[in-house]
Amino acid sequence: MSVVGEKLQPTIFELSRPGRGGGKIPHPAPGALDRVPASARRATPAALPELAESEVVRHFVNLSALNYSVDAGFYPLGSCTMKYNPKLNEWAARLPGFAGLHPLAPAAAAQGTLQMLWELEAMLAEVSGMAAVTLQPAAGAQGELTGILMVRAYHRSRGDLERTEVLVPDSSHGTNPATASMAGFKTVTIPSAPDGGVDVEAFRAALGPRTAAIMITNPSTLGLFEARVGELLQATHAAGALAYMDGANLNAILGRFRPGEAGFDVMHFNVHKTFSTPHGGGGPGAGPVGVREVLVPFLPSPRVVREADGSFRLERDGERPTSIGRVRSFFGSTGVLVRAYAYLRAHGTALREVSDDAVLAANYMKARLAGTYHVPFERACKHEFVASASEIKHRTGVRTLDIAKRLIDKGYHPPTIYFPLTVEEGMLIEPTETESLETIDRFVDALIEIAREAETDPEIVTSAPHDAPVRRLDEATAARQPNLRWRGMTGAERPCGN
Ligand SMILES: *Cc1c(COP(=O)(O)O)cnc(C)c1O
């Protein structure tokens, strides 16, 4: 069976016909290139497709319609907070004063942007209970690295050079151990307890004079609030280590839990997740980092400074020698930061409702699915939850991957699958606060219907998707030999093979 579905379109190269074009634009006069040195001229024309303008426009508009997006449908991708992104943010980010500012403009010409950044830092500090915030990191993963580099600088500043390890729970996002390694630490993995939280006994056993930091995601990647967080932080600090919070799941706890107040020393925000920037397909994002007092001296430079007269400027080179230095060019992902600013200003004190509604939606879905799918953790979840197809698989052979593919036929983007790694045949489902009851119900109905199909007609599930531009791929080959680039093809060859 071909993997190519009916909706897959020819590439723009396949649409090309020699000599075809807009047709109405005069060609350059003969001799127009005479003043270009021969060494700089092409011997053969560039291999560009030749099409009329209308064909080019239709090609790209039709291609864009193959993309699945939050604006087109429900996007329950766990750990990613794919909420609706208010168009107000897009308006704000396009204001010429922000969008047109040159990154090297002198402070006198950049007062509005500097003030926006300064106020955003203050708002994020308020939301998180942290003393100060840097807006430089380009995404959550870089925020983690920034945070752990500050932890390293902190221990070094005290002459404490023996701390070479970072403790990370086994349910953590892959970026956590990657961060620890990139910052030169050894990752020590801590197992989860049966209730999904960190196993405190194993944690205490791993903690010691070599521990530089612990990295905890709260709520965890299982969608559960870390109930023993007080105990974990107390033990961490008693051992002389610092506590990092992965704040990717902040959407569950706004206005309810402030990590700085709870005792975390440093955390990152994924503002593209929690504070709404379109972020499917990989970015751009922004990963501000909040710190408690002890880490303020190490924040990346330059920071935005407010002078006594109310004007704003950037720190000068060398003004704060304890800083870990720059982690990103200029001010960070300013366009994303404007969107976060607009979102925070628009919501104000209603932020708590964002989280309360997200948590309610997730618990409602979990309760509706519980009779059909295995729900490994029974206690109330936060903004996302894990469901598992392990029992369906044992009965019918249908796996979580098949269910995800079948959801595409039903018109949905699948949830996150096989993450966290600790749950067999897991699906991490995150509805967010912006979906209506009817949308959530329809999605749950689709998942229940697929479970029924698994019992009555498993073949239709295991061979899905049937109605997508590309049908079932061999996952291993697709990952090992990704075919992402057009190559000239002859005869019966098709872009995705047969
Ligand atoms: C998304 C995410 C990250 C990484 O953030 P990016 O902004 O994608 O770099 C880290 N940890 C968790 C739990 C996440 O969900």
Side-chain angles (χ1 to χ4, degrees), residues 70 75-83 85 124 128 133-149 166 168-183 187 189-190 192 196-198 213-226 229 243-253 259 264 266-290 327-328 332-333 335-337 339-340 358 362 381-386 415-423 426-432:
V70 173
Y75 210 130
L77 197 64
S79 210
C80 297
T81 310
M82 305 300 278
K83 61 172 76 179
N85 305 285
L124 293 175
S128 60
V133 171
T134 173
L135 302 175
Q136 265 189 38
Q142 202 198 6
E144 290 174 35
L145 180 63
T146 305
I148 294 297
L149 289 177
V166 172
V168 177
D170 60 4
S171 63
S172 79
H173 197 269
T175 50
N176 290 190
T179 289
S181 300
M182 280 193 75
T187 302
T189 306
I190 308 297
S192 301
V198 174
I214 62 159
M215 295 182 84
I216 291 192
T217 309
N218 194 29
S220 74
T221 55
L222 298 163
L224 300 170
F225 193 81
E226 186 58 70
V229 71
Y244 186 100
M245 192 180 105
D246 180 329
N249 295 334
L250 200 67
N251 209 55
I253 52 175
F264 281 103
V266 45
M267 69 170 285
H268 76 259
F269 306 78
N270 302 69
V271 293
H272 43 292
K273 296 179 181 171
T274 314
F275 303 124
S276 70
T277 283
H279 61 283
V289 174
V327 298
R328 191 191 183 285
S333 306
V336 176
L337 297 171
R339 289 173 174 89
C381 63
K382 286 288 152 192
H383 64 313
E384 61 190 353
F385 64 98
V386 185
T416 298
I417 57 172
Y418 301 110
F419 175 79
L421 306 172
T422 47
V423 178
M427 286 182 255
L428 185 61
I429 305 178
E430 178 178 5
T432 85

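First listed ligand is number 1; within each ligand, the first listed atom is number 1. Values below: all heavy atoms of this structure, side chains included; hydrogens, waters and symmetry mates excluded. All values reported here derive from a predicted model rather than from experimental measurement.
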Inset, instruction - Using the test side-chain contact (heavy atoms from CB on, under 4.5 Å), find all partners of Ser128 that sit at least two apart in sequence or belong to another chain. - result: Met130, Pro259, Met267, Phe269

Legend entry - Considering all heavy atoms, the nearest Ser276-Lys83 contact: CB-CD, 4.1 Å

Inset, instruction - Might you work through the side chain to side chain contact (heavy atoms under 4.5 Å, CB included) test for His268 and Asp246, ending with a clear yes or no? - result: CA-CA 6 Å; His268 76 259; Asp246 180 329; 3.2 Å; yes

Inset, instruction - Please work out which of the three classes, parallel, tilted or perpendicular, describes the rings of His279 and His272, given edges at 30° and 60°. - result: perpendicular

Inset, instruction - Could you tell me which residues satisfy side-chain contact (heavy atoms from CB on, under 4.5 Å) with Thr416, sequence neighbours excluded, listed by chain and number? - result: Leu77, Phe419, Leu428

Legend entry - Ala180: side-chain contact (heavy atoms from CB on, under 4.5 Å) partners, not counting sequence neighbours: Val166, Phe185, Thr187

Identify all pairs of nitrogen or oxygen atoms, one from ligand 1 and one from the protein, separated by less than 3.5 Å, and list them with distances.
unit_1: ligand 1; atom_1: 5 (O); unit_2: Asn270; atom_2: ND2; d: 2.8
unit_1: ligand 1; atom_1: 7 (O); unit_2: Gly140; atom_2: N; d: 2.8
unit_1: ligand 1; atom_1: 7 (O); unit_2: Asn270; atom_2: ND2; d: 3.0
unit_1: ligand 1; atom_1: 7 (O); unit_2: His272; atom_2: NE2; d: 2.9
unit_1: ligand 1; atom_1: 9 (O); unit_2: Gly140; atom_2: N; d: 3.3
unit_1: ligand 1; atom_1: 9 (O); unit_2: Ala141; atom_2: N; d: 2.8
unit_1: ligand 1; atom_1: 11 (N); unit_2: Asp246; atom_2: OD1; d: 3.4
unit_1: ligand 1; atom_1: 11 (N); unit_2: Asp246; atom_2: OD2; d: 2.6
unit_1: ligand 1; atom_1: 15 (O); unit_2: Ser79; atom_2: O; d: 2.9
unit_1: ligand 1; atom_1: 15 (O); unit_2: Ser79; atom_2: OG; d: 2.7
unit_1: ligand 1; atom_1: 15 (O); unit_2: Lys273; atom_2: NZ; d: 2.8

